[in-house]
Each structure stands twice: as structure tokens, then as C-alpha cells.
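Only heavy atoms go into these numbers, but all of them, side chains included; no hydrogens, no water, no symmetry mates.
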Amino acid sequence: MSERGCVITGWGSALPPLVVTNADLVSILDTSDEWIFERSGVRARRAATGPFVSPAPDSRPPGGLGTTAVLAIEAGRQALESAGAHADEISFVLVCTSTPDQVMPATSAAVAGALGISGGAVDLNAACAGFSYGLITAAGMVATGARKVLLIGADTMTRTLNWEDRTNAFLFGDGAGAVVLEAADGPGSLLGWDAGVDGTLVELLYVDHGSGMVMRGQEVFRRAVRATVDSASAALQQAGVRGEEIALFVPHQANQRIMEAIAERLDIPNERIASVVDWTGNTSSASIPLALVQAIAQDRLRPGDHLLFAGFGAGMTWASVVWRWTV
């Protein structure tokens, strides 16, 4: 790692106010609360768009900002406040999302404008692995001269869904999470990382323009576990850390069964998993920072603790990061 490292100094999160429970979904899908929970661990999710939301999903909130931007702005605002950082100190805004509000410009431009940030801004789309990719990218920016980076994971997955598809519509929700990364003397918190893609697996999970999501769930489950275990193992090896030394495993919140299967293969006890999937569903790029923010609120981290972030998603993409927690 570079001699100019980075640390996380602030964090925040944002969720739409509307809670959609499994019982609510029974009115539009041939399903049940028991069936959904058994297969995913999801009991509820937050929705900013979709059949339970009025006005219509294609409308835009006052001020012209789309729903992804609104969530990203609030999470980013909280992260800046938590870090004690001012807009003019932010060298770069990185918004990880696969649900941008417009084809162009990037959602990060609207976010930066709303927060008064004039540094660089760009979107990053690695699907549900987005935040892990973003953490690696942001750390690289700090290592090469950025003062502070605002990293946001934000997605409104409910607008990508086929609400007639009972096999996956129940899994997803909307939300945003953010962290501020700041330069630190010495190696900093990033101890090891790994990232990859297998583009031959695009057909397993995709959303075409104007269409709903297509997901081959069983194959995604199998591939996700294998890819994440391999990626996390590579990151742990680079960091010189064993699985049993991980104090908190913060995986992409795709499915409780997937998270537990990965943890078992990495020798990480289930009680060390940071999980919010039961009440947020799968929020794609937002899921890892949402789980991190909850873990911090629950006082689950101590200085020097080793964290493992691991994401996987459409593409098929994956990325893992081993991080030393600091105050």
C-alpha cells in the first residue's frame, strides 16, 4: 500500500420513508411472508418508487432531483457532518450506483451541486459490488493526492424490477449510505483488496433499457458464493489477516443465506456478520455502507479491529477489501 494512506472519518445513511413489508407484497405477488423470509431473510424494505408509491415512478421530486440523488445527498450530508468536513475540503465525490437518475449527466454532478462541492465528481457502476469498488477507487485517489473523498453508495432498485416476477421482486429495496475518506500519514486503513469480473456471466442478472430485471437466482447464488469467497480470501492473504481475525464482516446484503454461506467458508462466525437485509432488502451499492453505519451505531467496532467488506453483483463483478478500523 502507498505511504499516504486513508481512514474513514465520517458516515451517514438515508432511506425512503415508505416501509413495504412482505405482507404488503402478498397483494401483488403470489407469495407469503414465510416463503420470502425462508429464502432471503428479508421481512421488509424501503421503497421510493414502485407500485406502493404515489406519485407515479417516473415523476421527479421538487427541484428536479431524481430519487437516487435525493437519497445520496442526504447520506452524503450526514457523512460530511459526522466527519466535521466542509464542502470545500472535498476533492472528489464518487457515487456508486446502477440506477442513475438520468442517462446524463452523472448523478454525482447533482449530488455535488446540492452539497456545494466543486471538486471532481463521477458515477461508478459495478452493480451490487459498487461500494467495494468505490472504496478501492477512493483509497487510490487519496493515495495519489486527494485530500478528502466523499464516497456514496445509492440505488433505487425498486424502479428496475418486474413487479410480476415473484422470483426476485421481493428481494430489493432503496437506500443510500456514505463515508468520508481522509488522508492519513503512514499506510492507513486499507490492508488488502481484490476485484474482478467474469463478463461471460452477464446473462445471469441484467436490466435492459425499458425492461424489468432478469435474474437467474439459483445460479447467481452459486456463483456469488464462490466468487466472493475466492475474492475475500485473496484480499485476506494480501493483508496477512486470517478469517477468524475479522471482527466484523460487512458483505453486500443480497440474501441472508448467501452471507452466512460465505462467512462459513471464510471461518467467520455468523455473529460477526453486519446484516440489515431483514429490514432493507437488497439495496445494491447502498447495502454495505448501510450495514456499516448500523454496526457503528450499535457500537460493534473498536480501534484496531479488522473489517472485511465484500460485494458481488451483475456483470458478474466482485470486490473485497480488508480494512483496519480507526477513530
**Q.** Sequence neighbours excluded, every pair satisfying ring pair (Phe, Tyr, Trp, His ring centres under 6.0 Å) that has a member inside residues 220-266
**A.** His252-Phe312
Q | Results of salt bridge (charged side-chain N to carboxylate O under 4.0 Å, His left out) for Glu260 - residues two or more places apart only | A | none
Q) Are Phe170 and Val19 grouped together when hydrophobic residues (ILVMFWY) are joined by side-chain heavy atoms under 4.5 angstrom apart? A) no
(Q) Would Leu151 and Thr137 count as a side-chain contact (heavy atoms from CB on, under 4.5 Å) here? Give the steps. (A) CA-CA 9 Å; Leu151 172 63; Thr137 303; over 6 Å; no
Q | Between CD1 on residue Ile152 and CG on residue Leu94, distance to nearest 0.5 Å | A | 8.5 Å
Q. So, Ser98 side chain and Ala127 main chain: donor-acceptor pair closer than 3.5 Å or not?
A. no
Q) Is there a side-chain contact between Val122 and Val93, using heavy atoms and a 4.5 Å cut-off? A) no
Q.
Would you say that Trp11 contacts Val180 through its side chain, given a criterion of any heavy-atom pair below 4.5 Å between the two side chains?
A. no
**Q.** Side chain Asp305, main chain Arg302, donor-acceptor under 3.5 Å
**A.** yes
(Q) Counting only heavy atoms from other residues, nucleotides and ligands, does the tally under 6.0 Å from CD of Glu244 exceed 12? (A) yes
Q) Side-chain contact, heavy-atom cut-off 4.5 Å: Arg46 with Leu18? A) no
Q. Which residues pass the salt bridge (charged side-chain N to carboxylate O under 4.0 Å, His left out) test with Glu245, sequence neighbours left out?
A. Arg242
Q) So, Thr99 side chain and Thr156 main chain: donor-acceptor pair closer than 3.5 Å or not? A) yes
Q. Met157 and Val276: same hydrophobic cluster, using ILVMFWY side-chain contacts below 4.5 Å?
A. no
Q | Evaluation steps, side-chain contact (heavy atoms from CB on, under 4.5 Å), between Asn168 and Met213 | A | CA-CA 8 Å; Asn168 65 64; Met213 180 182 295; 4.1 Å; yes
Q: Establish whether Val7 and Val179 are linked, either directly or via other cluster members, by ILVMFWY side-chain heavy-atom contacts under 4.5 Å.
A: no
Q.
For Ala310 versus Ser132, what's the shortest heavy-atom pair and its separation?
A. C-OG, 3.8 Å
Q. So do the side chains of Val142 and Arg4 get within less than 4.5 Å of each other, counting heavy atoms only?
A. yes
Q: Heavy atoms only: give me the nearest Ser82-Gly10 pair and the separation to one decimal.
A: OG-CA, 3.5 Å
Q) Out of curiosity, Asn282 CG to Asn255 CG, how far, rounded to the nearest 0.5 Å? A) 9.0 Å
(Q) For the residue pair Arg300 and Trp325, would you count it as a cation-pi contact if the rule is NZ or CZ under 6.0 angstrom from the ring centre and within 45 degrees of the ring axis? (A) no
Q) Should Phe37 and Val277 be counted in the same cluster of Ile, Leu, Val, Met, Phe, Trp and Tyr side chains packed under 4.5 Å apart? A) no
Q: Can you sort out the partners of Glu74 under side chain to side chain donor-acceptor pair (under 3.5 Å), two or more places apart, ordered by chain and number?
A: Arg77, Gln78
Q: Examine distances only and state if a side-chain atom of Asp155 and a backbone atom of Ser285 form a donor-acceptor pair shorter than 3.5 Å.
A: yes
Q | Minimal non-hydrogen separation, Ala254 against Leu171, with atom names | A | O-CD2, 4.1 Å
Q.
Contact between Val322 and Leu307 at the side-chain level, heavy atoms closer than 4.5 Å - yes or no?
A. no
Q | Pairs flagged by ring pair (Phe, Tyr, Trp, His ring centres under 6.0 Å) wherever residues 86-134 is involved - sequence neighbours left out | A | none
Q.
Between Glu182 and Thr9 (side chain of the first, backbone of the second, donor and acceptor by atom type, cut-off under 3.5 Å), is there such a pair?
A. no
Q. How are the rings of Phe52 and Trp163 set to each other: parallel, tilted or perpendicular (split at 30° and 60°)?
A. perpendicular
Q. Just by modelled atom types, is the Leu290 backbone N or O under 3.5 Å from a matching donor or acceptor in the Ser13 side chain?
A. no
Q: Nearest 0.5 Å please: distance from the OG1 atom of Thr67 over to the CZ atom of Arg159.
A: 4.0 Å
Q. Do you see a donor-acceptor pair shorter than 3.5 Å between the side chains of Gln256 and Ser40?
A. no
Q.
For a 4.5 angstrom cut-off between non-hydrogen side-chain atoms, does Pro16 reach Leu71?
A. yes
**Q.** Nearest heavy atoms of Ala239 and Gly192, plus distance in Å
**A.** CB-N, 4.0 Å
Q. Judged by atom type as modelled, is there a donor-acceptor pair below 3.5 Å linking the side chain of Ser91 to the main-chain atoms of Arg147?
A. yes
Q. How would you list, by chain and number, every residue that makes a salt bridge (charged side-chain N to carboxylate O under 4.0 Å, His left out) with Glu38, sequence neighbours excluded?
A. none
Q) If you round to the nearest 0.5 Å, how far is OG1 of Thr167 from CZ of Arg216? A) 10.5 Å
Q: Could you tell me whether the side chain of Arg39 and the main chain of Trp35 form a donor-acceptor pair under 3.5 Å?
A: yes
**Q.** Heavy-atom neighbours of Gln298 CD exceed 12 at 6.0 Å
**A.** yes
Q: Output yes when a side-chain donor or acceptor of Asp174 lies under 3.5 Å from a complementary backbone atom of Ala47, and no otherwise.
A: no
Q.
I need the minimum non-hydrogen distance between Ala110 and Ala69, along with the two atoms involved.
A. CB-CB, 4.4 Å
**Q.** Gap separating the CD1 atom of Ile36 from the OG1 atom of Thr31, nearest 0.5 angstrom
**A.** 3.5 Å
Q.
Suppose we screen for salt bridge (charged side-chain N to carboxylate O under 4.0 Å, His left out). Which residues come up paired with Arg223, at least two apart in sequence or across chains?
A. Glu219
(Q) Within the structure provided, determine whether Val321 and Leu190 are in side-chain contact (heavy-atom separation under 4.5 Å). (A) yes
**Q.** Side-chain donor or acceptor of Thr228 paired with backbone N/O of Val225 under 3.5 Å
**A.** no
Q. How would you list, by chain and number, every residue that makes a side chain to side chain donor-acceptor pair (under 3.5 Å) with Trp279, sequence neighbours excluded?
A. Gln294
Q.
Walk me through whether Leu161 and Phe172 qualify under side-chain contact (heavy atoms from CB on, under 4.5 Å).
A. CA-CA 8 Å; Leu161 301 176; Phe172 295 90; 3.6 Å; yes
Q: Kindly give the heavy-atom pair with the smallest separation between Ala146 and Ala183, and that separation in Å.
A: O-CB, 4.3 Å
Q: Determine whether Thr280 and Ser287 make a side-chain contact, defined as any pair of heavy atoms from C-beta on separated by less than 4.5 Å.
A: no
Q: Scan residues 20-29 for pairs that pass side chain to side chain donor-acceptor pair (under 3.5 Å), counting only residues two or more places apart or in two chains.
A: Thr21-Asp24, Asn22-Asp33, Asn22-Arg45
(Q) Under 4.5 Å side-chain heavy-atom separation, chaining through any Ile, Leu, Val, Met, Phe, Trp or Tyr, what else clusters with Tyr206? Say none if it is isolated. (A) Val214
Q. Are Asp194 and Ser231 close enough that a side-chain donor and a side-chain acceptor fall under 3.5 Å?
A. yes
Q) If you measure from CG on Leu248 to CG on Leu292, what distance do you get to the nearest 0.5 Å? A) 7.5 Å
Q: Kindly state each residue pair satisfying side chain to side chain donor-acceptor pair (under 3.5 Å) with at least one member in residues 105-114, sequence neighbours excluded.
A: Ser108-Asp123
Q | Hydrophobic cluster (4.5 angstrom, side-chain heavy atoms) - remaining members for Val103 | A | none
